[in-house]
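Everything below concerns the one structure shown next.
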Amino acid sequence: MPRYQPARIEPKWQAWWEAHGTFATPRLPPPGAAKAYLLDMFPYPSGDGLHVGHPEGYTATDIVARFERMRGTAVMHPMGFDAFGLPAEEHAIRTGTPPRESTERNIATFRRQLKMLGFSYDWGRELATTDPEYVRWTQWIFLVLFDTWFDPDTQRGRPIAELPIPPAIAAAGEAAVARYRDEHRLAYQSEAPVNWCPALGTVLANEEVIGGVSERGGHPVVRIPLRQWMLRITAYADRLDRELDGLGWPESIKKLQRDWIGRSTGAEVDFFVPPAAGDVTAAFEAWKRQRAESGYPATPADDVLRIYTTRPDTLYGVTCMVVAPEHPLLDRLTTPDQREAIATYREAASRKSDLDRTDLAREKTGVFTGSHVIHPLTGAAVPVWVADYVLASYGTGGIMSVPAHDDRDFEFAKTFGLEVTTVIEPLDGGPVEGLFTGRGRAVASGPYTGLETAAFIERVAADLEAAGLGRPAVNYKLRDWLFSRQRFWGEPFPILHEVDSHDRPTGVVRPVEEAELPVPLPPLTDFKPGDTPDPPLSRAGHEWLFVERDGRRYRRETNTMPQWAGSCWYYLRFLDPANTERFLDPEVEQAWMPVDLYVGGAEHAVLHLLYARFWHKVLHDRGYVSHPEPFGRLVNQGMILGEMEFTGYRAAAGGWISAEQRTEADTPVRLPAEQVEKQGEHFVLRDMPTIRVESRAYKMSKSRGNVVNPDEVVREFGADSLRLYEMFMGPLEATKPWSTAGVGGVRTFLDRCWRLVVDERADDLVLAPQVVDDPASDEQLRELHRMIDKVTRDIEALSFNTAIARMMEFVNFCTPLPRRPRALLEPFVTVLAPFAPHLAEELWEVLGRPAPVSLAPWPTVEERWLRDETVEIPVQVQGKLRGRVVVPADADATALQSAAAADPRIAQLLAGRTIAKVVAVPGRMVNFVLAKSESPS
RNA sequence: GCCGGAGUGGCGGAAUGGCAGACGCGACGGAUUCAAAAUCCGUUGCCCGCAAGGGCGUGUGGGUUCAAGUCCCACCUCCGGCACCA
């Protein structure tokens, strides 16, 4: 009884492929062969094992990989693990198990599950970001960043040794030069405010802080400054933005990245801060004269309040200035009688996380500093306020407030009763009362009155620059990348801090020699965070912590890198995973890069993809990689939701309550599909049709209990069924709900494929008696070649659902055939192979062909079988379908028309009518348009 | 609020401006069977009709076109993301 048993054949072929090295990739593509680098976003090996979302993208790339291999392309298709990360560390804190142990266990689970699904990875290239050899090169790349400065003139990263040293610095000695270099490196240290939660003893990410307290436990969080490693990604902001242009990425993802980078153009303008005593006008005039001579300074002295605006055309509408609570000039601007109010406000602001401060629902707050600055164009005195809606970290940390033409300024002015001065009118129509944020024409703007926004901006920026009062400027929302974490389970920084005889840092930093890499994690038994934001590594033994070099004593950097570090370059290491001499052989890099197809979830649209592009560009600038961009084509697989659910609501008082009337007090109850029916737009209870029921699929989650486990699906249906189902569900990029019945459907299809070839009633595994060596008929060949053609084109377009539908049609065509020619079945099995590789290998063997079908040549489509001799053409009268005629495939418009007119039914409809026009599209359709008022009734 | 994406049978979904609903699930009917499972064959958008046939139909309202799910305008709903960036 040889039925289709995936549990028997799947492990068999997985073992076969492994034993024969079927998917091992050579170091370089063979001469003359095309190459394809097909990459999945490697998973974080969580303790829960694989989720059904993982195999969706993995199957898609695997089908392409197998397809390309069969077409003779050299395929790079690797897999690895993004294994540093928080969950392993928290598990370690709870259980005392070292993170490396649990991580290795989880990787073993993931590896087993991935192999169970028959993906054609070259497992010889497997890597984990936690492998000491991998960490070695991650640290090495950090040292490249440390050794690089960004030359704004050429827009490229260059070796720090090439950084021009200003004469004044050079004259100040070696220490000053070293400091100057440190300030220009792409990896640099700075004091940055972080969210410190004393109760949890850890620093939290912004996302982990809600309403000023920790997400977990609800403990207070304070903002404290901490010395952090930063990466100067902002230097590359412009290139990261512009170089998205040529990429084959979804436009939506490009836009997300552009919005994240947030490039805006406008102008910087200096407002004069008058001296506390003396003649303000005279001082202002003197300042202007001085500026006209010296020009606009790159960094503002403390006699000006510098602001950035995207709308310099609203300069005449400024009614106040607002600075961030952290603004450096705030002390100087605060008058004695306002000192206390300002101090209180600042203190309150410092306690808030960024998240609270940007809560839109909140009323605007602020305090007047008591002082005024002088408007550079009008000479008017403008009051200066402090408010936390202005962010210290963007632009200059201060703004000019134009209530008439900016939402936030308008709201602020309303709250505090400040003046609103209209200086822009819409191009169409007259003045607008109150707020108008659009572009338009300037009014009451001195010499600029009457200019339209664009012209105004251009002129005023040029005038300001000529007068040394401002200049055109570009700003980015993107901030430098805070790169250090106070965590154990991450890559240690290959950095040494010089210490004095009392182990106090001298401020001198020294990179670890390349030959000494990797810097290993120290052995620790206690991973718990402490009472201070000191990283766990600071509790390492002295033998790890302190080292001597050239007679000086150093303490190791005890922060670790964030999880993103490893995923920034893994796609490069896959190409040359065993190289002990360098991170990647340039010959190999040039042969395989860039990645031709990168598939993964949209949750990485910004961070991972932006960080990886940044590192790649630095490596490119420094000559280590040949392409400026790593990922040529990107596709995001859609999310797989849980099964569709029907939810009714039980009223607190008892009985059902209709879904649209429910309140928080009513209890949701999950209903079986039989109790529900559709009525018009909504689902209702079958027994009580007045009660509406919600129908929706939800994201899979443990708490909802709708998580589908791939192990169970494979056990019940087989890996090929899981692969095929996930591809058949719908378009790769769409969000779609899981349906176990649907898995059963594709399993039935695979059963039918099996029976097409195998005799199920025999005792042994033998060919079905219908399988014969007859030549295939013309009709059969047409069916076959059309199927091959469609599947080929659909794989190229990643439209796997329709490719599978076409294969199903082909099987439906073959099943009733009493004689099934091999010439039909063998090409079908090869076409099936990328989708259901185990079944295809087994059928290939039953057909008596030499394994593996996985490397058999992809069948060629013969054009002549795609053409029909006759076609059925729809005939319309007045655009309505009224009949069909069969005509030769090459019939022209005239022939079509006469054939259609000859059809009895059409002739009857046309009898006695005046034909105004006939539209005949050869091979498509015929439409008779009747003269007006003559439409048949 | 802003920015994406999507609205097509009971469900998942097909459809270069040219026969709406391919393919699958479910449902119904038949064959097979002592029976059931499995399998095979068929029907299945809605309404009227015994039928032939006819009418309606791709979120809503308008428009372009011989012809619109597809193009244009306005709106509604759902999903996802961002969110005081001056």
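Only heavy atoms go into these numbers, but all of them, side chains included; no hydrogens, no water, no symmetry mates. Naming: A, B, ... by sequence-line order, numbering from 1 per chain.
Within the 4.0 Å cut-off from OP1 or OP2 of B/C23, not a single side-chain nitrogen or oxygen of A/Thr802 is found.
A ring-centre distance under 6.0 Å is not found for A/Phe728 and A/Phe800.
Proximity note for A/Met644 (side chain, C-beta onward) versus B/G18, B/C23, B/G12: the nearest is B/G12. The nucleotide whose nearest atom lies closest to any side-chain atom of A/Asn801 is, among B/G53, B/G13, B/A86, B/G13. Residue A/Lys255 places its side chain closer to B/G4 than to any other of B/C23, B/A14, B/G4. Among B/G18, B/A15, B/A83, the nucleotide with an atom closest to any side-chain atom of A/Val919 is B/G18. Comparing B/C23, B/G55, B/G18 by their closest approach to the side chain of A/Arg882 singles out B/G55. Taking every side-chain heavy atom of A/Lys736 into account, B/G13 is the closest of B/G13, B/G24, B/G4.
On a pure distance criterion of 3.5 Å, no polar donor-acceptor pair joins the side chain of A/Arg752 and the base of B/U39.
Of the P atoms belonging to B/C71 and B/A14, the separation is 16 Å, rounded to the nearest Å. Here, B/U33 and B/G49 have their C1' atoms 39 Å apart, quoted to the whole Å.
A salt bridge links A/Asp313 with A/Arg311: at least one charged nitrogen is closer than 4.0 Å to a carboxylate oxygen.
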